[in-house]
Amino acid sequence: MLPSSRLREESPGGGSSAPHQYQRTNSSNGQNIQMRQTTPSSGQIPQMTSSVRAQINSKSNTPLHSRLGNAITETESTVCECLLSALIGIESRLFTPIHRKMTITSTASISTTHLAVCQRVLSVANIYLLLSHKENPYPDGMHVTTALLAAIRSIIGDYIGDIDELRRMKGLRFHHCLPLIDKWSIRLNIVAMAHKIRHLPQLELLENLYILNSAYSFEEDRRVVLNKIMDYCMGVYCSQMMEWMTTGEVPVDKWIIGKDAQNGDELVLRKIPIFMSDEDARILLEIGKSLPHVSGASDEDLESIDRTTTVIRGSLCPKLIFQKELTACLMILRDVVCGIVMRMVLTTGRLKEHILKATSFFFLSDPRFTATLYSVIKDASLGLRPGSASLTRQQVSSALAAALEACASTNCSHSDSEDKKKQKLKFKLDAMTSLGSTPNVSSKMQFVTPLSPHYEPHLDLMKPIFSACDSAYESIFHVLWAIDLARFSCQETSTQNLPRIQRFLLRNYSLRENATCLLNTLSHVFCVINSSLLRLRSHISIQLRQLLSRFLATIDEKCVDVDDVIREHLKFTRHVSVVVFVRNNEKIEHELANLLRVAFEAQDLTKEFVETWSDVIDATDSDENVRKARIAECCQKRTIAVRILLETVNVRVWRGKTGIFDTEIGFLSRKLGILSYFEWENT
C-alpha cells in the first residue's frame, strides 16, 4: 500500500473537499517516494476540519438510495418482506403510511431496479388503504350500499389472507410475490371502481354495478370479485322482490314500484331497471297488487300460496336475473296468486251478475225501473213543472229506492233468505248540492242532473272495479235518462192533452176550422219527436248489448287480475260513452241537445195551449159566439209558435229520408265495429 493513500481525504457526502494537488519527489539515496501537498494558486488554505464537521452534523431528508455514491442497498428478500407488510397497511423501516398512502421512508436504501417494483406494488397497497378505511354508517334505506361495502370487506378479507400466507414464507424473492400481487392488483382495481360509485341512489347503483359486471366479467380475476359483489347487492334486490311478493308492500322508497299521488296513491311502475324486462316488472306489479285481495281466500288457497312462495324463495337468486330466467319464476307465483283472486272475483264476488245489474240500472234497460223512476220524479216535482223547487237529496234517494224495488233485475229469489241478502245491491244516491253546478231551474234538465247514482257492491274486493267507473256511468246515465225523460213526457203530454181537445172538437163542429190545423201540426211535431227519440234509444240499446257481451267475454279471455278487470271495465265505459254521444262526437251531441230542447219546448207549448183552451171553454160556456172568437184568437196566437217549432223539427231532427241521427249513428257504429240498428234490422 502506497504511503500516499493514507493522506487522501474525502468528504462524507461522497464528494471531496477543495481540490488538492500533490507532487511526487524521489530521493536519490533511499529511493523513498514522498507525496507533498502543493498550495493552491489562490493562496488560501481550506479549513478541512470545519467542513467535515458541518456535513456530519447536518440532517438530510434525501433517501439513501437517492444520494450520490455507492451506499449499501437492502437485499431483495428484505424488500419483499417489507412490501408484503406494506400491502396490508403495516408500517416497516422501508415503507410507512402517510395520509392513507404508503410511501418509501427517507432512510430506505433501495436499488434502482427494486425501486421500480416497489412503486408498482405500493399502488396496490394504496388501493387497500382506501378500501379498508372505515366510513360513517349510512342512513336507513341504503341497503344496496351497505351490501356493497360488506362485499368489499369480504374481498379484502380474502386479500389479507393471501398476503399473510406469503409473509409466512422464508427467503422470498420477487418471482414468489409478484404473480399473486398482480392478480390482486387486477381485482382491487375493479373493487375500487365499484367503491367509487357507492353514493349513487340505490336503483341507479344496482344498474351501474350490472353494467360493470357485464363489461369486465370476461376475465377470470375480475369475474371472481364481480360475482361476489353482485351476489351481495343483487341478493338485497331479490330480498326486496320477495318482500313485495309476500306482503304487497313497497320495501323501500324510490323502488321500481311506487305510489302515484296524482291517481289516488295507486301502485304503479316508476322505473324499470336495465336488468329486468318490461314483462318481468309487470308480472311483479300484478303479484303485489293482488296480494291484499287474498285476505278473504279459503284455507286451501292460502296454503297453496304459501307452498308456492316457499318454492320461489328457494329458487330466486341473482343468477336468475343474469341468465334472463326470472320470467318463468315470477309467472309461477303470478298464476297462483292472481288465479285465486280472479276465482274469488268471479265466484265469491259474482262479478258478471254485478255488471249485469249495474248496467241494467245505469243503462235504464228495465222498463219497470224507468217507468217507476219517472213516476216518482214527476210526483216529486209537481208534474215536471219547470221553475219548481229543485229535487232534494231525500227525494232523489226515495225515487231511486222505489224504482229499485220495482225493478225486475234487482229482485232476488225468495227461496233462501241468505241468498236474497247476498244478491241485494247497495247504492249511494245523492242529490247535487253544489251551487255552481246546479242546473237551471227553468229547464227540465233540473230533473236529470241531480240523479248521481253510485254502484257499490258489498264485497270489498269488488268495490274498486266499480268505483273507477263512477263518473263515466253517471254521465251515461244522465244522457239516457234525459232521452227517456223526454220520450216519456212527450208521450204523456200528447196522449193526455191532444185527444181530449180532439174529442171536444168532434162535439163542437163550429170550432174545428180554427183548432184542427193547430192540433194536427202539434200531433205531427210529437210524432216526429217521439219516433226520433225511440229510434235513437233503440239504436243505443242494441249497441250497448253488443258492447256488454264483448266485455263479459273479455273478462274470461284476457283478465288475469283485478287491475285487468278495472282496465277492461274502463275501456267498456269509454266505448259506451262514445255510443251515447258523451265524448268524441260534438256534432251529434249538439243535435241531441237540440232534439231534447225541441221536445221540452213542444211540451211546454202544448201545456200552455191546453190550459188556455180550458180557461176559455170554462169562461165562455154561456155564449157560443164569444167562445168561437176566443178560441180563434187563442189558436191564432199559438199558430206562429207551432210553425216555428215545426220548422225547427224539420231542420234539426228530420233531415232527409234517414235523418242526421241515422247518418251519424252509422258512422259511429262502423268506427266502433258494431252493427247499427238499421244494419241489424236488415240482417
Side-chain angles (χ1 to χ4, degrees), residues 244-250 256-270 281-298 301-302 305 333-363 410 422-430 452-477 547-548 550-577:
W244 164 255
M245 291 188 295
T246 53
T247 63
E249 298 179 356
V250 180
I256 65 171
I257 297 172
K259 294 181 179 180
D260 187 1
Q262 297 180 353
N263 295 328
D265 291 338
E266 180 186 1
L267 292 170
V268 295
L269 289 173
R270 300 180 58 183
R282 182 180 56 81
I283 294 174
L284 193 65
L285 178 64
E286 292 174 356
I287 294 173
K289 294 183 70 172
S290 299
L291 280 176
H293 302 313
V294 302
S295 56
S298 62
D301 291 337
L302 294 177
I305 293 176
L333 186 58
R334 195 274 303 270
D335 292 342
V336 174
V337 175
C338 296
I340 291 174
V341 173
M342 283 303 299
R343 186 166 63 249
M344 293 173 59
V345 169
L346 293 175
T347 57
T348 307
R350 300 160 65 186
L351 173 63
K352 293 185 178 181
E353 295 181 31
H354 276 290
I355 291 174
L356 292 174
K357 291 176 182 179
T359 53
S360 176
F361 168 69
F362 290 120
F363 299 164
T410 59
K422 289 181 179 179
Q423 294 186 13
K424 185 178 180 180
L425 304 179
K426 180 181 179 181
F427 291 93
K428 181 182 180 182
L429 306 173
D430 295 331
S452 301
H454 171 73
Y455 189 93
E456 185 177 356
H458 287 288
L459 189 63
D460 293 338
L461 177 61
M462 306 295 296
K463 292 180 180 179
I465 299 176
F466 290 91
S467 62
C469 304
D470 278 342
S471 59
Y473 274 130
E474 182 179 340
S475 301
I476 295 167
F477 177 82
L547 288 174
L548 181 60
R550 185 181 300 175
F551 172 47
L552 295 177
T554 303
I555 293 176
D556 295 331
E557 296 173 359
K558 297 183 179 180
C559 297
V560 297
D561 64 349
V562 177
D563 284 347
D564 289 342
V565 177
I566 295 175
R567 191 180 304 110
E568 293 298 330
H569 198 186
L570 288 171
K571 187 185 299 184
F572 166 69
T573 54
R574 284 196 298 268
H575 287 169
V576 173
S577 298

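Note: hydrogens, waters and symmetry copies are ignored here, and every other heavy atom, side chains too, is used.
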Say you draw a straight line from [atom1] of [X] to [atom2] of [Y]; how long is it, rounded to the nearest 0.5 Å?
X: K463; Y: H458; atom1: NZ; atom2: NE2; result: 9.0 Å
X: K558; Y: R567; atom1: NZ; atom2: CZ; result: 11.0 Å
X: L291; Y: E249; atom1: CG; atom2: CD; result: 10.0 Å
X: L285; Y: M245; atom1: CG; atom2: CE; result: 12.5 Å
X: T347; Y: M342; atom1: OG1; atom2: CE; result: 10.0 Å
X: F477; Y: Y455; atom1: CZ; atom2: OH; result: 14.5 Å

Side-chain contact, heavy-atom cut-off 4.5 Å: [X] with [Y]?
X: I256; Y: R270; answer: no
X: I465; Y: V345; answer: yes
X: T348; Y: L461; answer: no
X: K352; Y: D556; answer: yes
X: I355; Y: L548; answer: yes
X: V341; Y: D561; answer: no
X: L284; Y: L269; answer: no
X: R343; Y: I340; answer: yes

Closest approach of [X] to [Y] (non-hydrogen atoms, all atoms of both residues):
X: C469; Y: L570; answer: SG-CD2, 3.6 Å
X: C559; Y: E568; answer: SG-CG, 3.8 Å
X: D301; Y: A297; answer: CB-CB, 4.0 Å
X: H354; Y: P457; answer: CE1-CB, 3.7 Å

Verify the neighbour count for atom NZ of K571: are there more than 12 heavy atoms of other residues, nucleotides or ligands below 6.0 Å?
->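 Incorrect, the count does not exceed 12.
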According to the interplanar angle, ranging from 0 to 90°, do the rings of Y473 and F363 count as parallel (below 30°), tilted (30 to 60°) or perpendicular (above 60°)?
->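 Plane angle between 30° and 60°, so tilted.
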Residue pairs, two or more places apart or on separate chains, that pass side-chain hydrogen bond (donor to acceptor under 3.5 Å, both in side chains) and touch residues 285-297 =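 The answer is R282-E286, E286-R334, K289-D563.
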For F572, which residues count as a ring-ring contact (aromatic ring centres under 6.0 Å, His included) partner, sequence neighbours excluded?
->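 Residues passing ring-ring contact (aromatic ring centres under 6.0 Å, His included) with F572: F551.
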Could you tell me whether the side chain of S360 and the main chain of L356 form a donor-acceptor pair under 3.5 Å?
->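 No, because the side chain of S360 does not come within donor-acceptor range (under 3.5 Å) of the backbone of L356.
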